[in-house]
Amino acid sequence: MIMEEQWKVVHLLGMLVLVFAQQWKLVESNAQGSVSCGFLAMYNFGDSNSDTGGISATLNEILPPNGETFFGHPAGRASDGRLIVDFIAESLKLPYLSAYLDSIGTNFRHGANFTTGGSSVRPPGFSPFNLGIQISQFIQFKSRTTGLYNQLSLNRRIPLSISNIPRPAEFSQALYTFDIGQNDLGHGFETMSEKQVLDSIPHIISELAKAIHQLYKEGARFFWIHNTGPLGCLPYNVIYGKKAGNLDNNGCVKSQNEAAMEFNRQLKDKISWLRTQLPFAKLTYVDVYSAKYALISNAKNLGFVDPFIFCCGSFYGYHINCGKKAIVNGTVYGNPCENPSKHVSWDGIHYSQAANMWVSDRILNGSFSDPPVSIQDACHHQIST
């Protein structure tokens, strides 16, 4: 019994040394300013723009031809291939994130994806898994995996089988990414007036800030936060929201893009405020809107077809049936195109892999970030006060 207790003490001391070594490595890297952060894991929160299997495992299975370009089969993603979150994982040399809600073939050693398609910051929305639910899931995930790790590590009578779960000390060394808000605005435009949508934005932003606060209390320190994209440029919204005088020079719905820009303005201000409230946090605001709008504005010059011609999909409300035919205003939609890489839009709401790659190439190097740091260096920048 005495030997058992001594072993536990030695183990705990070893854990403390490991944590200190990791913290020192981070501090040393920050001081040098030239060594990448080496994030050990990534935890993602958002909607279908970054869902890697959550909604497909729970509510609406994603079927072929989704996934055809890269995975060769449906992979829980509303696209023909990889999403921006996948390119983030690649750039950080991490595995693609397993969906927290998918029990088949999951591996959470280097992070988890709490996102589901249709999710919004606040209810109601197109999915029951709003951001508050996602944060609650993360807190439970962290508690249960930490308890399991400690139990298996300290009790030598139980076989050590912890290869698929994160180490407790690594939660503070992970990158926490957000891509959410589009569905709050999209659902709003379907159920409210334009003024009501604009009036709802402060509360949406406050709820997003609350989520970041909660993660900070759980030890999260490094945040990479995407603003929302040009909602009015989604082909779905152009088809159903087109009115006389309501389109901008690029053919996007002005009122919806104006709401998205107001959302982004308030989000950026809130992140600046959070930097004063969370002294050890490093928060990077990423202007995905500008990158996506640049792609849509110059699509033809960049080798894409008209950005409002999507590759596959028909609509039922805000739900998409990629591969099923439908006729809208005399136009037949449904069958997948022959070359998805030439399309900005995959299904009228989600982007193709080619478009996701183009946007990723622009945002991950820090060109559209505040402060202007790359994803690999998101732990280095100084806190504004």
Side-chain angles (χ1 to χ4, degrees), residues 39 41-59 76-78 83-89 92 94 96-102 106 108 110-123 125-143 145 166 170-187 203-229 263-264 267 270-271 274 278 281-286 288 350 356 363 375 378:
F39 292 113
M42 177 170 65
Y43 296 97
N44 185 63
F45 305 87
D47 53 35
S48 57
N49 287 313
S50 59
D51 184 4
T52 56
I55 206 68
S56 186
T58 53
L59 297 179
R77 294 154 172 82
L83 311 178
I84 292 175
V85 69
D86 295 314
F87 292 112
I88 291 176
L92 297 178
L94 295 174
Y96 298 138
L97 290 185
S98 292
Y100 173 74
L101 294 173
D102 189 357
T106 55
F108 299 125
H110 296 287
N113 195 354
F114 296 88
T115 290
T116 63
S119 290
S120 51
V121 174
R122 64 174 193 170
F126 303 110
S127 165
F129 302 105
N130 60 69
L131 182 57
I133 297 296
Q134 293 180 28
I135 297 299
S136 295
Q137 290 172 337
F138 168 81
I139 292 173
Q140 183 186 63
F141 172 82
K142 178 173 178 281
S143 175
T145 56
E170 295 174 356
F171 281 101
S172 63
Q173 302 299 318
L175 182 66
Y176 293 79
T177 55
F178 286 81
D179 193 330
I180 195 166
Q182 176 175 301
N183 288 321
D184 292 88
L185 300 179
H187 188 269
H203 185 250
I204 298 169
I205 299 298
S206 293
E207 289 298 300
L208 207 163
K210 177 182 174 182
I212 294 173
H213 263 282
Q214 289 177 290
L215 291 176
Y216 184 82
K217 288 180 181 179
E218 292 293 323
R221 293 295 179 264
F222 310 112
F223 300 89
W224 181 270
I225 304 162
H226 292 179
N227 67 12
T228 198
F263 177 95
N264 294 338
L267 175 62
K270 184 64 73 173
I271 290 174
L274 282 171
L278 310 177
K282 302 291 178 72
L283 298 108
T284 305
Y285 169 86
V286 187
V288 172
H350 306 102
N356 286 326
I363 65 172
I375 189 90

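Because only heavy atoms are used, hydrogens play no part in the values below, and waters and symmetry mates are left out as well, while side chains stay in.
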Aromatic plane relationship, F141 with F138 - under 30° parallel, 30 to 60° tilted, over 60° perpendicular
tilted

Residue among N264, I84, T284 satisfying side-chain contact (heavy atoms from CB on, under 4.5 Å) with H226:
I84

Please tell me whether Q140 and Y100 have a donor and an acceptor in their side chains that are separated by less than 3.5 angstrom.
yes

Return yes if some donor-acceptor pair links the side-chain N/O of R122 with the main-chain N/O of H203 below 3.5 Å, else return no.
no

Sequence neighbours excluded and cut-off under 3.5 Å, please list the side-chain donor-acceptor pairs for residues 42-53, or say none.
| residue | atom | partner | partner atom | Å |
| --- | --- | --- | --- | --- |
| N44 | OD1 | T177 | OG1 | 2.7 |
| N44 | ND2 | S50 | OG | 2.9 |
| N44 | ND2 | N113 | OD1 | 3.0 |
| N44 | ND2 | T115 | OG1 | 2.9 |
| D47 | OD1 | N49 | N | 3.0 |
| D47 | OD1 | N49 | ND2 | 3.3 |
| S48 | OG | H350 | NE2 | 2.7 |
| N49 | ND2 | Q182 | OE1 | 3.4 |
| S50 | OG | T115 | OG1 | 3.4 |
| D51 | OD1 | G53 | N | 2.9 |
| D51 | OD1 | G54 | N | 2.6 |
| D51 | OD2 | I55 | N | 3.0 |
| D51 | OD2 | G117 | N | 2.8 |
| T52 | OG1 | L97 | O | 3.0 |
| T52 | OG1 | N113 | ND2 | 3.0 |

I want to check something: taking the side chain as every heavy atom from C-beta on, are L185 and F263 in contact at a cut-off of under 4.5 Å?
yes

Set of salt bridge (Lys or Arg N to Asp or Glu O under 4.0 Å) partners for D86, sequence neighbours left out
R77

Taking the ring of Y176 and the ring of F222, is the distance between their centroids below 6.0 Å?
no

For F129, is there any backbone N or O sitting under 3.5 Å from a side-chain donor or acceptor partner on Q134?
yes

Side chain to side chain contact (heavy atoms under 4.5 Å, CB included) between Y285 and I225, intermediate numbers included:
CA-CA 5 Å; Y285 169 86; I225 304 162; 5.5 Å; no

Any donor and acceptor pair, going by atom type alone, linking the side chain of N130 with main-chain N or O of S119 inside 3.5 Å?
no

Taking the side chain as every heavy atom from C-beta outward, state whether L131 and K210 have any atom pair closer than 4.5 Å.
no

When F178 is tested against each of L215, N227, L267 for side-chain contact (heavy atoms from CB on, under 4.5 Å), which residue passes?
L215

